[in-house]
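As a basis for the values below, the full set of heavy atoms in this structure was taken, side chains included, without hydrogen atoms, waters or symmetry mates. The residues of the chain are indexed from 1 along the displayed sequence.
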Amino acid sequence: MTTRLRGVALAVTTAAVLPLALSACSSDDGGKDTKDSAAASSSVAREESKGTADDAAGSGGRPFGTACASVPENGAGSFDGMSKDPVATAASNNPALSTLVTAVKKAGLVDTLNNARNITVFAPTDDAFAKIPKEELDKVLADKATLTKILTYHVVARKLTPAQLSDGTYPTLEKSTLTTKGSGESYTVNDTARVVCGDVRTANATVHIVDSVLMPAM
């Protein structure tokens, strides 16, 4: 009976998220490449069901890290303002995340991320994207399948507290894993990307802003 109820709950979640993602793709590119966003939406739905029990504990606390000082004190881009908006919308109000927002729009993942529940997003700054040679970055931004793979690698379908970043391995929506290490207010992802402003809250996600783009195996 428990297995059957879980199956029903998963189907309902997928049915709720998938149409929104498909609608987003239709408005972004006239209905082309809907399969990428549909697959990402299905991954969000499946992984959300796994993380619900862990999310119940919450994280409590405040944003930390050197880059937090650059966040506006007031307005939509402030910590308070971001906490009221879903994650893609909140990111669009943070000037340090403009390249990430552009990438999310090109991949057709805005509604997918905004309608997901209890996720963690490792959000690369503009400076993180600037580390990638322009020719290579432009090529990735023009390749929707590759872009979707990279972006979904930055998403974990449960809210990760700072304590959970100390020594963890977590499945991503891209279907592989990332690792986190550290303590106090110093954490790394995959031993290379540093969390420069962690534990930022949005209406549906916890955001850990990082200084390098995370790359899945291609």
### Query
Taking NZ, NE, NH1 and NH2 as the nitrogens, is one of them in Glu136 or Lys131 under 4.0 Å from a carboxylate oxygen of the other?
no
### Query
Would you say the side-chain atoms of Thr180 and Asp167 include a donor-acceptor pair closer than 3.5 Å?
no
### Query
Side chain of Thr102, backbone of Ser98: donor and acceptor closer than 3.5 Å?
yes
### Query
With no hydrogens and no angle check, is any side-chain donor or acceptor of Asn114 less than 3.5 Å from a backbone partner on Ala88?
yes
### Query
With a 4.5 Å heavy-atom cut-off, do Asn93 and Asp85 have their side chains touching?
yes
### Query
Quick check: does any side chain N or O of Thr146 sit under 3.5 Å from a backbone N or O of Asp143, one acting as donor and the other as acceptor?
no
### Task
Step through it carefully: locate the ring centre of His154, locate the ring centre of Phe122, and say whether they are under 6.0 Å apart.
no
#### Entry: Stepwise side-chain contact (heavy atoms from CB on, under 4.5 Å) test for Asp191 and Lys181
CA-CA 7 Å; Asp191 294 321; Lys181 294 180 181 178; 3.6 Å; yes
### Summary
In this structure, CZ of Phe79 is separated from SG of Cys197 (nearest 0.5 Å) by 4.0 Å
### Task
Evaluate the criterion side-chain contact (heavy atoms from CB on, under 4.5 Å) for residue pair Met218 and Lys149; output intermediate values, then yes/no.
CA-CA 9 Å; Met218 305 298 284; Lys149 183 178 178 69; 3.8 Å; yes
### pair Glu174-Pro216: side-chain heavy atoms closer than 4.5 Å
yes
### Summary
Between the NZ atom in Lys144 and the OG1 atom in Thr148, the distance rounded to the nearest 0.5 Å is 6.5 Å
### Query
Any link between Leu141 and Val101 through a network of hydrophobic side chains (Ile, Leu, Val, Met, Phe, Trp, Tyr) touching at under 4.5 Å?
no
#### Entry: Non-hydrogen side-chain atoms of Ile150 and Val213 separated by less than 4.5 Å
yes
## Note on the structure
Correct closest heavy-atom pair for Ala123 and Leu100 would be CB-CD2, 3.6 Å
### Query
Is it true that Arg62 and Asp199 make a salt bridge, defined as a side-chain N closer than 4.0 Å to a carboxylate O?
no
### Message
Would you say Leu151 ends up clustered with Leu137 if hydrophobic residues are merged whenever their side chains have heavy atoms under 4.5 Å apart, either directly or through other cluster members?
### Response
yes
### Query
Any side-chain heavy-atom pair from Tyr153 and Asn190 closer than 4.5 angstrom?
yes
### Query
Val71, Val121: one ILVMFWY side-chain cluster at the under-4.5 Å cut-off?
yes
### Message
Can you give me the closest heavy-atom contact between Ala193 and Val210, atom names plus distance?
### Response
CB-CB, 4.2 Å
### Close side-chain approach of Met82 and Arg201, heavy atoms under 4.5 Å
no
### Summary
The reported gap from CG in Leu178 to OG1 in Thr172 (rounded to nearest 0.5 angstrom) is 6.0 Å
#### Entry: Worked verdict on Ile119 versus Val87 for side-chain contact (heavy atoms from CB on, under 4.5 Å)
CA-CA 9 Å; Ile119 60 175; Val87 64; 4.3 Å; yes
### Message
Is any side-chain heavy atom of Thr202 closer than 4.5 Å to one of Pro86?
### Response
no
### Task
Look only at the side chain of Ser78 and the backbone of Gly75, and say whether a donor-acceptor pair between them is shorter than 3.5 Å.
yes
### Message
Would a single hydrophobic cluster contain both Tyr187 and Leu214, if residues Ile, Leu, Val, Met, Phe, Trp and Tyr are joined by side-chain heavy-atom contacts under 4.5 Å?
### Response
yes
### Message
I'd like to know whether NZ of Lys139 has more than 12 heavy-atom contacts from other residues, nucleotides or ligands below 6.0 angstrom.
### Response
no
### Pairwise side-chain contact, Ile209 with Thr125, heavy-atom cut-off 4.5 Å (strictly under)
yes
### Task
Give the intermediate values and the outcome of side-chain contact (heavy atoms from CB on, under 4.5 Å) for residues Thr120 and Arg158.
CA-CA 6 Å; Thr120 292; Arg158 55 185 282 192; 5.6 Å; no
### Query
Between Thr206 and Leu160, which heavy-atom pair has the shortest distance, and what is it?
CG2-O, 3.9 Å
### Intermediate values then yes/no, salt bridge (Lys or Arg N to Asp or Glu O under 4.0 Å), Asp211 and Arg194
CA-CA 6 Å; Asp211 67 354; Arg194 294 185 305 114; 3.1 Å; yes
### Residue pair Asn204 / Asn118, side-chain heavy-atom distance below 4.5 Å
no
### Task
Report the residue from Leu165, Val156, Val189 that forms a side-chain contact (heavy atoms from CB on, under 4.5 Å) with His208.
Leu165
#### Entry: Check ion pair Lys84-Asp80 (N to O, under 4.0 angstrom)
yes
### Query
Are Leu113 and Leu147 connected in a single hydrophobic cluster, I mean Ile/Leu/Val/Met/Phe/Trp/Tyr linked by side-chain heavy atoms less than 4.5 Å apart?
yes
